[in-house]
Amino acid sequence: MTFSEIITDWYHQNKRELPWRKTTDPYRIWLSEIMLQQTRVDQGLPYYLKFEKAYPTVFDLAHAPEEEILKLWQGLGYYSRARNLHYTAKEIAFERNGQFPSTYKELLKLKGVGDYTASAIASISFNEAAPVVDGNVYRVLARFFGVDTPINSTKGIKYFKQLAGELIDRDKPAAFNQGIMEFGSIQCRPKSPKCSECPLNSSCVALRDQLVDQLPVKIKNTRLKHRYFNYLIVQNEQETLLFQRKKKDIWQHLYEFPLIESDKILEEKDIIQHPEFRKLVGKNPFELSRYNKEAVIHKLSHQHIHTTFWTVTLEDHIKGGIPKAEVKAYPVPVLIANFVREYEF
DNA sequence: AATACGGGGGA
DNA sequence: TCCCCAGTATT
C-alpha cells in the first residue's frame with residue numbers, strides 16, 4: 001500500500017463525525033476552515049454551530065452587522081478572522097452573486113484565505129488536488145520521513161508543501177487532505193503518539209531512529225511581553241462607558257472600558273492625575289476605588305496583561321454613557337467578559 | 001525573514 | 001510552565 005492509500009484507509013475507519021463533513025458546500029467549508037485556523041476542533045465546534053444557525057447562507061452573513069458577528073465570535077480569539085470573514089462574505093454575496101471561486105488560485109485572493117485554507121476549500125469543495133499543510137501535516141511528514149528542517153522556516157514551508165503535493169491522492173484529494181490532518185491530530189499527535197498501533201509504523205523514520213519526540217523542529221522566538229492595563233469603570237446609577245478599540249493592536253474593533261495603559265502598575269494617585277482620567281471626570285465630584293487588589297493577569301500567547309479595574313462613581317449624567325444592562329450585548333475581550341460576569345452591573 | 005494576532009487544553 | 005492548535009496579514 002502507498003502512503004496515500006494508508007492515510008485514506010485510516011481516515012475512513014477513524015474519522016470523527018463533524019458537521020462540516022456532511023457537506024461540500026463551499027460556504028460551510030470556508031466558514032469551518034476560517035474558524036479552525038490555529039484553533040482546536042473542540043474549541044471551534046460550538047462556534048461553527050452558532051454561525052451555521054445564525055447565518056445559513058453567505059447572504060445572511062453578508063447582511064449582518066460586524067458588531068453582531070464579533071459578538072458571536074467572542075472568545076474564539078484572532079478577531080481579524082471575524083472581520084475578514086465579514087469582508088469576504090460581502091464580496092461573495094454582492095460582487096460574485098453568492099458564488100465562491102472554485103480554484104485554489106482564485107480562492108487564495110480572498111481576504112483571510114491563505115495557502116492552507118485555499119487548498120482546503122479547493123480540495124474539499126471542488127476536488128482540486130491542492131495539498132493542505134497545516135500543523136498536523138507538518139508533524140506527520142516530518143516524523144514519517146525524518147525531516148528536521150524547521151517547519152516555520154522559508155525552506156521548510158516550501159519543502160513540506162512540495163512533499164505533500166507529491167503524496168496527495170489526485171483522485172481523492174478531499175479524503176487524503178482531511179485524512180492526513182485527522183491522522184496527525186489523533187494518531188500522530190504531538191504528545192505520546194500512538195506509534196505501537198500505527199499503520200505507518202513499519203516505515204516511519206522517526207520511529208526507527210527514536211526521533212518521534214524531537215520532530216517536527218520548530219524555530220521558536222517572540223518572547224513574552226508584559227503590559228499594564230487600568231480599566232476605568234465610569235458609572236452612575238444607570239450608566240457606564242464603553243469604547244471601541246480602533247488601533248492596530250490586540251482586540252481590534254472589540255469594546256472595553258476606558259483604558260489607561262502604562263509601563264508599570266499604577267497607584268490611585270497616578271490615576272487621579274492622569275490626563276485620560278481628568279478628561280473623563282472633569283470637575284465633577286467622583287469616588288474612585290480599586291476593584292481588584294491583586295492585578296488580574298490575562299495571559300495571551302505572547303503577552304501578559306496585568307489588569308487593574310477601577311470604579312469611578314459619578315452623580316452626573318455620563319456623556320456617551322450606555323445603560324449598564326446593555327454592556328453584555330457588546331463584543332468584548334474575554335478579559336472584560338470575565339469582569340462583567342463577576343461584577344454584575 | 002520576523003512579528004503580531006487569542007484563547008484554551010494537555011502534560 | 002511550555003507547547004500546540006485544520007494560519008494569515010503585515011512589517
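Since the structure is predicted, the reported quantities are computational estimates derived from the model, not experimental observations. We name chains A, B, ... by the order of the sequence lines, and we start the count at 1 in each one.
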Nucleotide nearest [X] when distance is taken to its side chain, options [options]:
X      : options              : answer
A/P333 : B/dG7, C/dA6, B/dG6  : B/dG7
A/K191 : B/dG6, C/dT1, B/dA11 : B/dA11
A/Q43  : B/dC5, C/dC3, B/dG7  : B/dG7
A/P190 : B/dG6, C/dT1, C/dC4  : C/dC4
A/L36  : C/dA6, B/dG7, B/dG6  : C/dA6

Interatomic distance at [atom1], [N] relative to [M], whole Å:
N      : M     : atom1 : value
B/dG6  : C/dC3 : C1'   : 15 Å
C/dC4  : B/dC5 : C1'   : 16 Å
C/dT8  : B/dG8 : P     : 22 Å
B/dA11 : C/dA6 : C1'   : 22 Å

With A/W73, the ring pair (Phe, Tyr, Trp, His ring centres under 6.0 Å) member among A/Y47, A/F51, A/Y55: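 That would be A/F51; it is the only one of A/Y47, A/F51, A/Y55 passing the ring pair (Phe, Tyr, Trp, His ring centres under 6.0 Å) with A/W73.
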Is it the case that [N] (base atoms only) and [X] (side chain only) share a donor and an acceptor within less than 3.5 Å, ignoring hydrogens and angles?
X      : N     : answer
A/R81  : B/dC5 : no
A/R189 : C/dA6 : no
A/S301 : B/dG7 : yes

State whether the number of non-hydrogen atoms from other residues, nucleotides or ligands found under 6.0 Å of A/Y87 atom OH is greater than 12.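 For A/Y87, atom OH is not crowded (no more than 12 foreign heavy atoms under 6.0 Å).
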Is the number of heavy atoms from other residues, nucleotides or ligands within 6.0 Å of NZ (A/K172) greater than 12?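 Open: at most 12 neighbouring heavy atoms sit under 6.0 Å from NZ of A/K172.
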Give me, pair by pair, the N or O atoms of the protein and of nucleotides 8-11 of chain C that are less than 3.5 Å apart, along with how far apart they are.
unit_1	atom_1	unit_2	atom_2	d
C/dT8	OP1	A/G114	N	2.7
C/dT8	OP1	A/G114	O	3.3
C/dT8	OP1	A/T117	N	3.0
C/dT8	OP1	A/T117	OG1	2.8
C/dT8	OP2	A/D115	N	3.4
C/dT8	OP2	A/Y116	N	3.2
C/dA9	OP1	A/G112	N	2.4
C/dT10	O3'	A/K248	NZ	3.3
C/dT11	OP1	A/K248	NZ	2.6

Look at A/K109 together with A/E106 and state whether they make a salt bridge at an N to O cut-off of under 4.0 Å.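 Answer for the salt bridge query: yes.
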Ionic contact status for A/E52 with A/R28, cut-off 4.0 Å: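 Counted as a salt bridge, because a side-chain N and a carboxylate O are separated by less than 4.0 Å.
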Atom-pair distance (OH on A/Y47; C1' on C/dA6), nearest Å: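 Taking atom C1' of C/dA6 as the reference, OH of A/Y47 is at 17 Å.
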Would you confirm whether A/R21, through its side chain, and A/Q178, through its main-chain N or O, come within 3.5 Å as a donor-acceptor pair?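 No, A/R21 side chain to A/Q178 backbone: no donor-acceptor pair under 3.5 Å.
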ILVMFWY cluster membership beyond A/I318 - transitive side-chain contacts under 4.5 angstrom: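 Hydrophobic cluster check, A/I318: joined to A/L232, A/V234, A/L241, A/F243, A/I260, A/L266, A/I271, A/I272, A/F277, A/L280, A/V281, A/F286, A/L288, A/W310, A/V312, A/L314.
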For B/dG6, the Watson-Crick or wobble counterpart (both distances under 3.5 Å):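 No nucleotide pairs with B/dG6.
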